[in-house]
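What follows is a set of notes on a single structure, which appears directly below.
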Amino acid sequence: MMLGLEKKITLYGFNNLTKTLSFNIYDVCYAKSEREKKDYIAYIDEQYNSERLTKILCDVTEMIGAHVLNISKQDYEPQGASVTILITEEGLPLNLIDESCNKGACVAEQRDTVVAHLDKSHVTVHTYPEYYPDNSISTFRVDIDVSTCGMISPLNALDYLIGSFDSDIITIDYRVRGFTRDVCGKKHYIDHDIKSIQDYIDNKTLREYDAIDVNVYQSNIFHTKMLIKEIELQNYLFNQDVYELTPKQRLDITNNIRKEMIEIFSGMNIY
């Protein structure tokens, strides 16, 4: 679903509404030995290094109809990456672009963090691979923020972003802040209809998750949490074949993975 105005509002000046989409994606993996855990972290670091993250964010920028002004990115030791991109709703003449901006052309290689700056807008992503020595479950978290002003909306890229990562648990926040005025001086605190973030996620994707909403409509705040329904164990084993495990081991591992997911989804220690 593309976000747009049901009835176009003739504005006085610029559209000052800020639309911010923030969400966390968690990937869960079973890695038993210390070597397997470290190999998993190394694999994630390679799969989601700053170069790939930059490509994803540039795709998002194009999807929402914005233009890249500046990109910064970084790969971290021992693990993790970040990218930030500054973007603009409309293309700017070269003489108006700050000389310090690289327009995405001068980004160094091999970095894990990327930030994109837009004109009054930005896209950021940070990764957090994690494991605990006394636990066989490792996790990989991705934090993504897309903030835009004007007519462009980050919701239009939501489904693409979910599909760009292995997403077992997803927590999404969307908020519209500020106000804009029409030509009569009347303030408008939102410029589009929205009942749920789920309306902007493909139905095929939604069928794979249990999803709940917690919305504060009067404040234009929308929150959705999603938990994968089915655990196909082979997808959660790192460098191990499911048929090498006994039925009891498969059941125990599946239960432990599900418990970890439920706690992350709930945001509290349960078991």
Side-chain angles (χ1 to χ4, degrees), residues 20-31 33-64 66-88 97-118 121-133 135-148 154 157-158 160-173 235-239 260 264:
T20 302
L21 178 71
S22 301
F23 65 106
N24 310 123
I25 293 174
Y26 294 87
D27 175 52
V28 177
C29 176
Y30 178 83
S33 70
E34 186 73 12
R35 170 46 55 192
E36 287 174 338
K37 293 171 185 175
K38 290 182 178 179
D39 286 349
Y40 169 73
I41 296 298
Y43 166 78
I44 287 295
D45 251 11
E46 178 62 28
Q47 277 290 102
Y48 297 105
N49 59 29
S50 60
E51 184 176 352
R52 183 180 178 192
L53 295 175
T54 301
K55 169 71 165 57
I56 291 172
L57 293 193
C58 286
D59 288 346
V60 168
T61 301
E62 183 176 351
M63 283 179 181
I64 65 177
H67 302 267
V68 172
L69 286 181
N70 195 65
I71 297 177
S72 62
K73 62 179 181 175
Q74 183 63 53
D75 292 314
Y76 299 114
E77 291 294 340
Q79 67 250 356
S82 302
V83 179
T84 301
I85 302 178
L86 183 66
I87 58 178
T88 176
I97 298 177
D98 192 289
E99 293 181 359
S100 65
C101 292
N102 58 44
K103 293 176 290 179
C106 305
V107 180
E109 297 181 357
Q110 298 301 318
R111 295 190 174 177
D112 291 333
T113 301
V114 177
V115 177
H117 291 195
L118 314 183
S121 308
H122 66 269
V123 187
T124 68
V125 59
H126 305 279
T127 66
Y128 304 88
E130 183 268 349
Y131 76 92
Y132 183 65
N135 189 347
S136 297
I137 308 297
S138 299
T139 61
F140 170 57
R141 185 178 106 231
V142 180
D143 290 354
I144 299 176
D145 289 278
V146 185
S147 183
T148 65
L158 178 56
Y160 167 77
L161 285 168
I162 292 174
S164 296
F165 301 91
D166 293 325
S167 310
D168 295 318
I169 306 108
I170 307 170
T171 303
I172 312 170
D173 294 288
N235 295 335
Y236 295 88
L237 299 178
F238 187 71
N239 288 344
E260 187 79 1
I264 295 172

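- A 6.0 Å sphere centred on OH of Y128 holds more than 12 heavy atoms belonging to other residues, nucleotides or ligands.
- With sequence neighbours excluded, the residues satisfying side-chain hydrogen bond (donor to acceptor under 3.5 Å, both in side chains) with T20 are S147, R177.
- With S167 contributing its side chain and I162 its backbone, the two residues share a donor-acceptor pair below 3.5 Å.
- The environment of Q47 atom CD is dense: over 12 non-hydrogen atoms of other residues, nucleotides or ligands sit within 6.0 angstrom.
- With sequence neighbours left out, the side-chain hydrogen bond (donor to acceptor under 3.5 Å, both in side chains) criterion links Y236 to D168.
- Residues satisfying the side chain to side chain contact (heavy atoms under 4.5 Å, CB included) test with D166, not counting sequence neighbours, are D27, Y48.
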task = Assess whether side chain to side chain contact (heavy atoms under 4.5 Å, CB included) is satisfied between L158 and F23, documenting all intermediate values.
result = CA-CA 10 Å; L158 178 56; F23 65 106; 4.2 Å; yes

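- Closest non-hydrogen pair, S138 versus K37, comes out as OG-CG, 4.0 Å.
- At a threshold of 4.5 Å between non-hydrogen side-chain atoms, the residues I56 and F165 count as touching.
- Contact annotation: the side chain of I137 approaches that of Y30 to within less than 4.5 Å [non-hydrogen atoms, C-beta and beyond].
- The main-chain N or O of A42 is never found under 3.5 Å from a side-chain atom of D39 such that the two would form a donor-acceptor pair.
- With sequence neighbours excluded, the residues forming a ring pair (Phe, Tyr, Trp, His ring centres under 6.0 Å) with Y40 are F238, listed by chain and number.
- For the atom pair OG1 (T124) and CG (D145), the distance works out to 4.0 Å, reported to the nearest 0.5 Å.
- Take I41 and apply the side chain to side chain contact (heavy atoms under 4.5 Å, CB included) test, not counting sequence neighbours, and it matches Q79, P129, Y131.
- Contacts of Y160 classified as side-chain hydrogen bond (donor to acceptor under 3.5 Å, both in side chains), with partners at least two apart in sequence or in another chain: D59.
- Under the 4.5 Å side-chain criterion, counting only non-hydrogen atoms from C-beta, V28 is in contact with I169.
- Across every non-hydrogen atom of T139 and E260, the tightest pair is CG2-OE2, 4.2 Å.
- Between the CG atom in L53 and the CD1 atom in I71 there is a gap of 11.5 Å [rounded to 0.5 Å].
- Of the inter-residue distances, the one linking S22 atom OG with I172 atom CD1 reads 10.5 Å to the nearest 0.5 angstrom.
- Rounded to the nearest 0.5 angstrom, L21 CG and I64 CD1 are separated by 10.0 Å.
- The structure places CG of D45 at 7.5 Å from CD of E77, a figure rounded to the nearest 0.5 Å.
- Taking CG of L57 as the reference point, atom CD1 of I144 lies at 7.0 Å (rounded to 0.5 Å).
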